2 protein chains.
Amino acid sequence: MDEKDLKIVCGTRLFAGLDPEAVSSLLHGSAPRQHSKGQMLFEQGDPADTFYIVLDGWVKVFRPSVMGDEAVFGVFTVGESFGEAAMFIQGQFPAAAQVVEEARLIAVHSDVFRKRVHNDPDLAFEMLAAMSRHLHSLMNQVEQLQIRSSAQRLAQFLVSLAPVPLGAAVVALPYDKSLIAHRLGMKPESLSRAFVRLRAQGVATDGNRVMLGDVGQLRAYGETGPLRERMASH
Amino acid sequence: MDEKDLKIVCGTRLFAGLDPEAVSSLLHGSAPRQHSKGQMLFEQGDPADTFYIVLDGWVKVFRPSVMGDEAVFGVFTVGESFGEAAMFIQGQFPAAAQVVEEARLIAVHSDVFRKRVHNDPDLAFEMLAAMSRHLHSLMNQVEQLQIRSSAQRLAQFLVSLAPVPLGAAVVALPYDKSLIAHRLGMKPESLSRAFVRLRAQGVATDGNRVMLGDVGQLRAYGETGPLRERMASH
DNA sequence: CGGCCGGCTTGACTTCGGTCAAGGGACAAC
DNA sequence: GTTGTCCCTTGACCGAAGTCAAGCCGGCCG
C-alpha cells in the first residue's frame with residue numbers, strides 16, 4: 001500500500017482525522033488488491049468476515065431477486081466503504097457486491113477490526129458516523145423511489161455529479177447507463193426516455209458525456225417536478 | 001419509570017443484555033412521557049439533541065416533500081428506537097417524526113448518551129447493531145420499491161404481521177390504512193386495490209382485521225409475484 | 001475492409017398506479 | 001334519529017413506466 005493509497009484511506013470518512021501511522025498499523029497486512037470488471041466480491045448470505053474500502057473504480061452493492069431483476073442499494077467509489085454493517089449483526093451479508101468498473105480495494109478483516117473498534121472509542125464513533133451516512137443515503141433513495149418520477153430521479157443524480165452548484169456544467173457518466181438505470185430503480189429504456197424528457201430542462205447527451213445547461217434549474221426540477229406554470233393565478 | 005417500562009427498555013435490542021440497574025442509571029432523569037396522536041416530535045432539520053425509545057403506541061418517521069406528498073421511512077412501536085443516527089452526523093434530523101397512535105416514549109439526551117457510548121464499548125456495539133438493523137430495514141424497503149408491485153409489497157407487509165410462518169392466520173392492522181399505504185409507497189386507493197388483488201391469494205378483509213388463508217402462499221406471492229402458471233412447458 | 005456483438009435508443013402496446021369524483025359506512029355530536 | 005365528519009372503497013380516466021421488438025452505432029476481431 002503506497003503513500004497515495006494511504007492518503008485515500010485517511011481521507012475516507014471512516015478514518016478521517018486518524019493519523020496515517022495509526023491507520024497503517026490498523027490495516028497492516030491488508031494489501032490493496034486489483035479486481036477486474038464483473039468480479040463478484042461476495043454474495044448475499046455469505047459469511048460477513050470482511051468489509052471493503054475503495055481505492056479506485058466502482059463497486060455495485062445489490063440484491064438479486066428470484067426473477068432476473070435486482071435491487072441496487074449503492075454504487076461505491078474512491079474513499080467509500082461498504083459491507084461494514086454486516087459485521088455487527090448476523091454475520092451474513094444482506095446483499096451482494098460486484099465490481100462494475102475495474103477497481104482497487106482494501107479488504108479489512110472484521111474480527112481484527114472489531115477488536116480495534118472495541119478499544120478505540122473514536123474509531124467507534126467514526127464507524128457510527130459512517131453507518132449514519134449510509135442510512136442517510138438509503139433514506140434519500142427511499143424518498144426518491146416513493147415520490148419522484150424517473151426523470152426527477154435522473155435529474156437529482158446528474159446534479160449530484162455536477163462539479164458546480166449553479167450554472168452550466170458538463171459531466172461524464174461514471175458507469176454504464178444500464179447500471180445507472182438500475183441504481184435509480186428503472187429499466188434502461190426508461191432511462192433513455194428520462195434523458196429525452198430532461199432535454200426540456202437544458203440537458204443534452206453525447207454518449208457518456210452529459211451537458212447541463214443550468215444545474216440550479218435541474219435541481220429545482222428534481223425536487224418539484226415540471227411545475228405547472230400557473231403564472232396567471234395572481 | 002416503572003418496572004414494566006424498564007423491562008421493555010432492557011428488551012430493546014439497543015440495551016439487550018445490559019442489566020436493569022445499568023440501564024436505569026443510564027436513562028436516569030429520562031421519564032417516559034405520554035404523547036397524543038398527531039403530535040410532532042421533531043421536524044426535518046431540527047437540531048438532533050435527543051433520540052427516542054417507544055414504550056407503546058406508534059410513531060411515524062417521514063420526510064415531507066415540497067408538494068403535499070411525504071416519504072415514510074419507518075413506523076416504530078414498542079421496544080424500538082429511532083432518531084439515533086442523527087446524533088452521529090451533522091446534528092440535524094434528516095426526517096420528521098410524528099405520533100400516529102397514542103404513544104409513551106422515552107426521550108434520551110444525545111450528549112449524555114454519547115458520553116456513555118464513548119466509555120462503554122459494549123454499548124457502542126449495541127448502537128452499531130441497532131443502526132445495522134435500521135440499515136437492513138431500509139434496504140428491504142428499497143428492494144420492495146424497486147422491484148415489487150404494490151400487491152406484492154402489501155403481501156410482504158401482511159406476512160410480517162402474521163404470528164405464524166405457515167398456514168392460516170388472522171392479523172389486526174396496527175394503524176390506519178392510509179398510513180400503511182404511505183408506508184408501502186402508494187396511495188390509499190392503490191392499497192384498496194392491492195387488497196382486492198390479494199383476494200385471489202386467500203386474503204379477506206373486514207375493517208382492520210385481515211384473514212390470511214395461507215401465510216406461506218402469501219410469502220411466495222410477495223417474492224415472486226403472480227406466477228405465470230406455465231404448466232405446459234414440459 | 002467487413003461482419004459481429006453489446007449497449008443504447010426508439011416505437012408500439014400493455015399494465016400499473018395516480019387522479020378525480022362519487023358513494024358507503026362507522027362513529028360522534030346534536 | 002339525524003347530521004355531520006372521517007376514512008375507506010369503487011369506478012372512470014389518464015399518464016408513467018414496463019415489455020417486446022426492431023434498429024442504430026461503435027468497438028472488436030477476423
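Quick note on labels: first sequence line is chain A, next is B, and so on, each numbered from 1. Please read all numbers here as calculations on a predicted model, not as lab measurements.
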Rounded to whole Å, how long is the line connecting atom [atom1] of [X] with atom [atom2] of [N]?
X: B:L179; N: D:dC6; atom1: CG; atom2: P; value: 18 Å
X: A:L154; N: D:dA16; atom1: CG; atom2: P; value: 15 Å
X: A:N208; N: D:dC25; atom1: CG; atom2: C1'; value: 15 Å
X: A:D176; N: D:dG27; atom1: CG; atom2: P; value: 14 Å
X: A:D206; N: D:dC24; atom1: CG; atom2: P; value: 19 Å

[X] (side chain) donor-acceptor with [Y] (main chain) under 3.5 angstrom:
X: B:D176; Y: B:L179; answer: no
X: A:S110; Y: A:T50; answer: yes
X: A:R148; Y: A:E223; answer: yes

Do the two ring centres, one from B:F76 and one from B:H134, sit under 6.0 Å apart?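 Ring centres of B:H134 and B:F76 closer than 6.0 Å.
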Cation over ring face, B:K177 and B:F195, 6.0 Å, 45°: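 Yes.
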Close N or O pairs between protein and nucleotides 25-28 of chain C (under 3.5 Å):
none

Does B:R63 come within less than 4.0 Å of B:E70, counting only side-chain N to carboxylate O?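 Salt bridge absent between B:R63 and B:E70.
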Quickly, which of A:R153, A:Q156, A:Q152 forms a side-chain hydrogen bond (donor to acceptor under 3.5 Å, both in side chains) with A:Q144? Name it, please.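 The option that passes is A:Q156.
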Quick one: are A:V170 and A:L212 in side-chain contact, heavy atoms under 4.5 Å?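 A side-chain contact is absent here, since even the closest heavy-atom pair is not under 4.5 Å.
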Let me have a per-nucleotide readout for nucleotides 9-22 of chain C, 5' to 3', with B, S or -, counting only protein heavy atoms under 4.0 Å. BBBB----SSBB--
